[in-house]
Amino acid sequence: EFHGMPIRVEMDESAIRRVVRLDDGATLRGARIEPELITSLYDDIMEDRVPVPLQSVPQDLVDAIVAAEDRAFFSHEGISLRGIARAAWHDVQRRQVRSGGSTLTQQLVKNLFLTPERKFRRKALEALMAVILEARYDKKEILEAYLNEIYLGQSGSVQIVGVEQASRVYFGK
């Protein structure tokens, strides 16, 4: 483990001549300097994210997100006929397309490949693409992609996307 200490770096033109510890003047063989983050790169919708592997995400968090977003995630093949029927029933009653019947896989497809518009054609394409995604990738891969893509709030003008970025913003770790 390394501890921080103040140092002075003495240079000759473009080369380091000597590294000196300021508290006692001792010459050091070298120093490890951790860079400070001074900026992040953002895309055109100002989101900041750092992808993480599924095994790095606490199981309690995974369980909470699956419970909130798609309880049947591990048992369906990309779409939930029950969820679609429930959403359609609510929409018919309200006479507008508002309800969500999307599985976690459908949400991932929408976020990665489609627009958020609420039209039947787009929803049908989303469902088809979700079934294809489920056929090509296993549940853990889909869940990992979702956890790295999920919108989890806003920090000023920057969208917080993914569980790693949310952890840094909300909990400082």
Asks: Nearest 0.5 Å, what's the CG-OH distance between D70 and Y146?
Replies: 8.5 Å
Asks: How about R122: does its CZ atom have over 12 heavy atoms from other parts shown lying under 6.0 Å from it?
Replies: yes
Asks: Among all residues two or more places apart in sequence or in another chain, which pass the side-chain hydrogen bond (donor to acceptor under 3.5 Å, both in side chains) test with E77?
Replies: none
Asks: Under 4.5 Å between side-chain heavy atoms, counting indirect links through other Ile/Leu/Val/Met/Phe/Trp/Tyr residues: same cluster for F113 and L147 or not?
Replies: yes
Asks: Can you name the residues that form a salt bridge (Lys or Arg N to Asp or Glu O under 4.0 Å) with E13, not counting sequence neighbours?
Replies: none
Asks: Answer yes when E134 and K139 have at least one side-chain N-carboxylate O distance shorter than 4.0 Å, and no when they do not.
Replies: yes
Asks: Closest approach of A31 and I7, non-hydrogen atoms and distance?
Replies: CB-CD1, 3.7 Å
Asks: Would you say R17 has more than 12 foreign heavy atoms packed within less than 6.0 Å of its CZ?
Replies: yes
Asks: Same cluster or not: L112 versus I132, using hydrophobic residues (I, L, V, M, F, W, Y) connected whenever any side-chain heavy atoms lie under 4.5 Å apart?
Replies: no
Asks: To the closest 0.5 Å, what do you measure between CG (L104) and CD (E149)?
Replies: 11.5 Å
Asks: Report the distance from atom CD of Q165 to atom CD1 of I150, rounding to the nearest 0.5 Å.
Replies: 14.0 Å
Asks: Would you check if the side chain of Q159 reaches a backbone N or O of Q154 as a donor-acceptor pair within less than 3.5 Å?
Replies: no
Asks: So, do F73 and I142 sit near enough that their side-chain heavy atoms are less than 4.5 Å apart?
Replies: yes
Asks: Which pairs of donor and acceptor atoms, one on a side chain in residues 61-68, lie under 3.5 Å apart (sequence neighbours left out)?
Replies:
{"from": "D63", "atom 1": "OD1", "to": "Q59", "atom 2": "NE2", "distance (Å)": "2.7"}

Asks: Looking at G78 and T105, what are the two nearest heavy atoms and their distance?
Replies: O-CB, 4.1 Å
Asks: Side chain to side chain contact (heavy atoms under 4.5 Å, CB included) between L28 and V20: does it pass, once the steps are laid out?
Replies: CA-CA 6 Å; L28 304 173; V20 178; over 6 Å; no
Asks: Once side-chain hydrogen bond (donor to acceptor under 3.5 Å, both in side chains) is applied, do any residues pair with S75, and if so which ones, sequence neighbours excluded?
Replies: none
Asks: Are any non-hydrogen side-chain atoms of E144 and N148 less than 4.5 angstrom apart?
Replies: yes
Asks: Before you tell me yes or no, could you show the steps for L125 and M129 under side chain to side chain contact (heavy atoms under 4.5 Å, CB included), namely the whole-Å CA-CA distance, both residues' side-chain angles and the distance that decides it to 0.1 Å?
Replies: CA-CA 6 Å; L125 182 58; M129 291 174 73; 3.8 Å; yes
Asks: Could you list the residues that satisfy side-chain hydrogen bond (donor to acceptor under 3.5 Å, both in side chains) with K140, not counting sequence neighbours?
Replies: none
Asks: For D138, give me all partners under salt bridge (Lys or Arg N to Asp or Glu O under 4.0 Å), at least two apart in sequence or on another chain.
Replies: none
Asks: To the nearest 0.5 Å, how far apart are CD in Q107 and CG in N111?
Replies: 7.0 Å
Asks: Can you tell me how far CG of L143 sits from CG of L108, rounded to the nearest 0.5 angstrom?
Replies: 10.0 Å
Asks: Do any N or O atoms from the side chain of Q106 and from the backbone of T103 form a donor-acceptor pair under 3.5 angstrom?
Replies: yes
Asks: Evaluate the side-chain proximity of S102 to K123: yes if any heavy-atom separation is below 4.5 Å, no if none is.
Replies: yes
Asks: For a 4.5 angstrom cut-off between non-hydrogen side-chain atoms, does R18 reach R8?
Replies: yes
Asks: Between E126 and K110, does any NZ, NE, NH1 or NH2 come within less than 4.0 Å of an OD or OE carboxylate oxygen?
Replies: no
